[in-house]
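The figures here come from the full heavy-atom set of this structure, side chains too, leaving out hydrogens, waters and symmetry mates. A quick note: this is a predicted structure, and the numbers were derived from the prediction, not measured.
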Amino acid sequence: MKRKLLGVIDATTYHEDLEDLLTHRSLAALPFAGRYRIIDFVLSNMVNSGIRSVAIFPKMQYRSLMDHLGSGKNWDLNRKRDGLFFFPSPIVDNDGNKIGSFEHFAANMDFFKRSTQEYAIISNCYTVFNMDFRPILDWHRHSSCDITEIHHENGSSMEMYLIKTSLLIELLETRNETGYTCMRDVVQDFDHQYTVCHYDYNGYAVMIDSIENYFSTSMNLLKTDVWKQLFLKDSPIFTKVKDEPPTKYVKGSLVKNAMIANGCVISGTVENSIISRGVKIGKGAVIKNCIIMQKCQIEDNCYLDSVILDKDVKIEAGTHLTGSARSPFVVRKGMKQGALMNS
Amino acid sequence: MAKKKCVAMLLAGGKGSRLNSLTKDLAKPAVPFGGKYRIIDFTLSNCANSGIDTVGVLTQYQPLLLNSYIGIGSAWDLDRKDGGVTVLPPYAESSEVKWYTGTASAIYQNLNYLKQYQPDYVLILSGDHIYKMNYENMLEYHIEKRADVSISLIEVPWAEASRFGIMNTNEDMRIVEFEEKPSEPKNNLASMGIYIFSWNILKEYLEMDARNPESSHDFGKDVIPLLLEENKKLYAYPFKGYWKDVGTVQSLWEANMDLLNEECDLDLFDHDWRIYSVNPNQPPQYISQDAIVKESLINEGCTIEGEIDKSVLFQGVTVGKGSSIKESVIMPDAVIGNNCLIEKAIVPCDVQVPDGTVIRSFDDEIILVTQEMLSGLYPAY
């Protein structure tokens, strides 16, 4: 496998519906499930499938993504040969998705030409799943397909494609003549000689593209049968290591149906919520149906229902915030919310 | 190799026989502590946080787990191009195999390791203790006093002083007398087993000690008394703060319970003095709808469906429905079935506790659970 499959992660996507959570970071770096970034899922899946060379193509706001990935050590991708490659776009492109990923790939053509892997898997960066790519490679190699697109149970595209590296290079080199800007253009066009096949994946998979969907997917993690499909002993999801102590439950805390990361100090009530690393929840505070990101501080006697707090948010004592499942109340990164600023 | 001002030597070969079955397959410094750590994490983190980047770790008893845990020292940021962590096991010479027979002989046999760094000072540590200490401050003290040796001391309760090595000092903190486990202590300042030696003195006296056939080659018993006899400048460095030798099942349990105490001096949440450890990379802990969690420390990867009260749970622990864990320490990947009651116990790594098991102490003595104990006729303790 290590010589056969190349991992390519297209992290150039931006979803406007997630804007509140993407002002300081790229979609790939969106925090998820208390201690992960969304890219951890596809990246870990690749590593667990035996892929030893992964190229990531980010666009805009990639500081947090770079900080997260580092040398790739946490995914065992800091290797002398192959490993993790990070290709920020040389093209200034401030207007959303105008330029397709092919343009970004082509700017780093040398990488593809130098790669020895016969096949490449090209994936989006925002799918929450735990999937082994090896069966797809086997299937693809025994079929007569040029391109295999992975579909989810309902027939929708998962925006993941298996292709020979040489064919990918060909598509990149002819992009100006063909007008293809990304893999989706290729598979949706019927006027070419390539055979496009579908591979149906029946496991758990959700593509995160809106706040509502981010919120509901997060809440679904609290169902045992869902998180048991994502967090498997034999194919763990790797992420950046933080040296946080275990979480401390202080006298007076009450916790029910919650997923809680390390380094938290919990003195209040937490119900149906996802709490990230290093969060402090004060005495008498009530947190219900919330997603609380890293290092937030919620002071005493706050009441939060259906709220998403981005990183480093401080909620002053006695503040009440309420959203709904369809439209959770989002507090942006680093903000301070006081009782008087209540809305 | 580049010269280093101070090199640390960490004695990690101890068996810790009073920890019973916990140290059957691993050395005492590798015993799990505090929901996430191993005992040695505290000294290694102290080194890293004190700016000491060259650490020799001396192993002997059951070193497999300890060696693989330390690895190249990345977890403590001690994987360095120059210096870093070096595991130093006993070795064979052309003439004989030399086991470490005492703390002094362990260092003596690694003088060549030290020589390559031409250190001015050598910090000698034990991997058996739980504490946070800035060794840099102690080194400054050592230099200021122009001492030959500095020994870190901690105040212990008078009633317990006769269990320790007690130092008697003059007004300037110069050590005038050392008594190993005195029956009538004149003082309650006990040695923490932390020494800073000026290099020349260390080399000279270790060589002298090695030639002495009468010596048991121990710092406390042989080297320190000899230095005092020869009127060398030994200074006491008073340490204030949390320090615990977790040498028994009881004290290991107590130290874990200390972490649940709001007033405890040992703050694991201090970002300026982090305790580093090898991260297990597990998903967040899951607390179910039926769970009750009170005053506890719980690590990632746990699945809790029962009641947890005043307990410390390590990574990957599962607690089933209707079970109740009280004042207990549950080590990594232990599985507690449904409807169990565990009170005042330590459950070691990977132990599987069957449904309905009751483990309870009636005389306040802490129970160290073993798998053998559970597979026998053992519903009531």
- Message: With a sphere of 6.0 Å drawn around CG of D234(A), does it hold more than 12 non-hydrogen atoms of other residues, nucleotides or ligands?
- Response: no
- Most contact-rich option vs chain B, by heavy-atom pairs under 4.5 angstrom, among S253(A), P246(A), A33(A), is P246(A)
- Closest heavy-atom pair, K256(A) versus A291(B), reported as atoms and distance to 0.1 Å, is NZ-O, 3.0 Å
- Message: Does any part of the side chain of Y36(A), heavy atoms only, come nearer than 4.5 Å to the side chain of P284(B), both counted from C-beta?
- Response: yes
- Query: Any side-chain donor paired with an acceptor under 3.5 Å for N299(B) and N262(A)?
  - Reply: yes
- One should read off an interatomic distance between I275(A) CD1 and I287(B) CD1, to the nearest 0.5 angstrom, of 11.0 Å
- Message: Do P236(A) and N281(B) make a side-chain contact, defined as non-hydrogen atoms from C-beta onward lying under 4.5 Å apart?
- Response: yes
- Per-residue contact mode, K242(A) against chain B (heavy atom under 4.5 angstrom): backbone
- Could you give the distance from CD1 (I275(B)) to CG (D243(A)), rounded to the nearest 0.5 Å? 10.0 Å
- Query: Which value, rounded to the nearest 0.5 Å, describes the distance between L260(B) atom CG and Y249(A) atom OH?
  - Reply: 12.5 Å
- Turns out that what part of I237(A) lies under 4.5 Å from chain B's heavy atoms comes down to backbone
- Query: Side chain, backbone, both or neither: which part of D267(B) has a heavy atom under 4.5 Å from chain A?
  - Reply: neither
- Value for NZ (K251(A)) from CD (E262(B)), rounded to nearest 0.5 Å, stands at 9.5 Å
- Check each atom of F314(B) against the heavy atoms of chain A and say whether the ones under 4.5 Å are side chain, backbone, both or neither. neither
- Message: Could you check whether any side-chain heavy atom of K73(A) comes within less than 4.5 Å of a side-chain heavy atom of S74(B), counting everything from C-beta outward?
- Response: yes
- Structural part of E271(A) lying under 4.5 Å from a heavy atom of chain B: neither
- Between F269(B) and K248(A), what is the shortest heavy-atom contact and its length? CZ-CB, 3.8 Å
- Considering residues, nucleotides and ligands other than L65(B), do more than 12 of their heavy atoms fall under 6.0 Å from its CG? yes
- Message: Ignoring hydrogens, what is the shortest heavy-atom contact between Y286(B) and L222(A)? Give both atom names and the distance.
- Response: OH-O, 3.1 Å
- Query: If you tally heavy-atom pairs under 4.5 Å against chain A, which of E295(B), H271(B), Q289(B) wins?
  - Reply: E295(B)
- Item | Minimal non-hydrogen separation, K36(B) against P245(A), with atom names | CD-CA, 4.4 Å
- Item | Heavy-atom side-chain proximity of T303(B) to W227(A) below 4.5 angstrom | yes
- Applying a strict 4.5 Å limit to non-hydrogen atoms, the region of L259(B) in contact with chain A is backbone
- Query: Is chain B contacted by the side chain of N272(A), its backbone, both, or neither, given a heavy-atom distance below 4.5 Å?
  - Reply: side chain
- D333(B) side chain near K233(A) side chain, heavy-atom distance below 4.5 Å: yes
- Do E300(B) and R35(A) have side chains that get closer than 4.5 Å, going by heavy atoms? yes
- So does R63(A) have more than 12 non-hydrogen atoms from other groups sitting under 6.0 Å from CZ? no
- Query: Between Q285(B) and A261(A), what is the shortest heavy-atom contact and its length?
  - Reply: NE2-O, 4.2 Å
- In terms of heavy-atom proximity below 4.5 Å to chain A, should Q282(B) be classed as side chain, backbone, both, or neither? backbone
